[in-house]
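In what follows, chains carry the letters A, B, and so on, assigned in the order in which the sequence lines appear, proteins first and then strands, with residues in each chain numbered from 1. These numbers come from a predicted model, not from an experiment.
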There are 2 protein chains.
Amino acid sequence: MSPRADAVRNRAKILEVAARVFAERGAAASTEQVAAEAGVAIGTVFRHFPTKADLLAAIMKDTLAALATRAAAPQATLAGVFTDLVASAADRRSVIDLLPGLEVAEALAQFRAVVADLLTRAQAAGEVRASIGVDEVMALLVALCQGALRGGWSPTLQRDTLAIVLDGLSYPGRSMAEAEG
Amino acid sequence: MSPRADAVRNRAKILEVAARVFAERGAAASTEQVAAEAGVAIGTVFRHFPTKADLLAAIMKDTLAALATRAAAPQATLAGVFTDLVASAADRRSVIDLLPGLEVAEALAQFRAVVADLLTRAQAAGEVRASIGVDEVMALLVALCQGALRGGWSPTLQRDTLAIVLDGLSYPGRSMAEAEG
DNA sequence: TGACAAAGTGAGTCTCGACTCATAATTTAC
DNA sequence: GTAAATTATGAGTCGAGACTCACTTTGTCA
């Protein structure tokens, strides 16, 4: 027997609303808020997602999958992914707190793989220097998103900080970092 | 009459312990934890800091002041400040959550002024391109700290991401950011 | 040393949020 | 249309943590 129609509808509605609520009010927003805004009883939320952590993980998984899909498009570029991500973080539409090690590993790995591909292509095109690895790129991506999210970066600030980081990715060498102890 | 000696001692002890506890376990650590580790009763903590937010604000204020002092040293450089901050964030020794608008404004402004000075000098020395402003530098600083804090960056990753960003600060132009819509 | 005010104590209150479960309402299968 | 199973409901439980306060202890000053 397939799942009941109302169950499917409610699950989708809860996920959609929860993503918005947690993005707006932070992961500390209560499950009751989510239930109220989704128009269901709190018990319904817990039937679909036995734990608040499960709900957050489901959202992260969806978000990462959507990002991976967008980044896997033929015309996608590394710079484009950075721009998109930072904009959506500043907008509080995605990228909740990274809850370490919670069922999201697989989705994260997939996204990472797509970024790795974009990086390779950018390097082949001479847009990014060869010495840079995926780890650094992912780290910078997360850092910029956290900054944009918590700092509420304006579009101008997003553009300017991104320009700096992207330039750093392409710059030939002479890192200032060597210049100090 | 000057304040009692034990009161002064306890206040200092609480601040010291609280900074460590919140850095290690996050701002969600309970006030009881702090009291226990400081060896005082919970009422004592609340006597000195009527609210948990007051305690966090006091810590942030101290931290920012210490940072400003270190960054104001004659031999300090912009690259050095970036390196120090990211290392201490990764180490969870400072930089708690930025609680928006809470008595920290003044301390933040002071730190920002010191960074502005370092930036001006770096630009005069030709180490950073002239088009960059303090806002971008502060934004990148916060972003990198958040990333290092939540991502638990290894020393290697700290060095590599920092090198990229610092290179971006000095790079002459040709931002990749223009290359997409 | 005595007296008093400042500071310390910690059990208790209060609020809030995660999670449960007995019961009611729906949906589906036939 | 009806039975049976699935799902929805929401008041209630439970625990945690911020904060209070009546009372005790301690430091200070004369």
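Rounded to a whole Å, the CZ atom of B:Phe46 is 14 Å from the P atom of C:dT9.
Contact check on A:Arg20 versus A:Glu37 returns a salt bridge, with a Lys/Arg side-chain nitrogen under 4.0 Å from an Asp/Glu carboxylate oxygen.
Distances from the side chain of B:Val40 to the nucleotides D:dC19, C:dT9, C:dC19 place C:dT9 closest. Side-chain atoms of B:Arg47 lie closest to C:dA7 of the nucleotides D:dT9, C:dA7, C:dC19. Nearest to the side-chain atoms of B:Ser30 among the listed nucleotides D:dG27, C:dC19, D:dA18 stands D:dA18.
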**Message:** If you apply the rule side chain to side chain donor-acceptor pair (under 3.5 Å), what do you find for A:Gln33 with A:Arg25, and how did you get there?
**Reply:** CA-CA 10 Å; A:Gln33 290 261 350; A:Arg25 315 225 222 298; 3.2 Å; yes
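At a cut-off of 3.5 angstrom, the base of C:dA6 holds at least one donor-acceptor pair with the side chain of B:Arg4.
Using a 4.5 Å cut-off between side-chain heavy atoms of Ile, Leu, Val, Met, Phe, Trp and Tyr, with links allowed through other members, A:Phe46 and A:Phe49 fall into different hydrophobic clusters. Under the 4.5 Å side-chain heavy-atom criterion for Ile, Leu, Val, Met, Phe, Trp and Tyr, B:Leu67 and B:Val114 are members of distinct hydrophobic clusters.
Between its two ends, the helix from C:dT1-D:dA30 to C:dC30-D:dG1 turns its axis by 20°, counting five pairs per end and rounding to 10 degrees.
Counting non-hydrogen atoms under 4.0 angstrom, A:Thr44 reaches a base of the nucleic acid.
A donor-acceptor pair under 3.5 Å is formed between the side chain of B:Gln123 and the backbone N or O of B:Ile132.
Taking 4.0 angstrom as the limit, A:His48 places a side-chain polar atom (N or O) nearer than this to OP1 or OP2 of D:dA8.
Residues B:Thr31 and A:Asn10 each lie close to DNA chain D; by heavy-atom proximity, the contact nearer the 5' end of the strand is made by A:Asn10.
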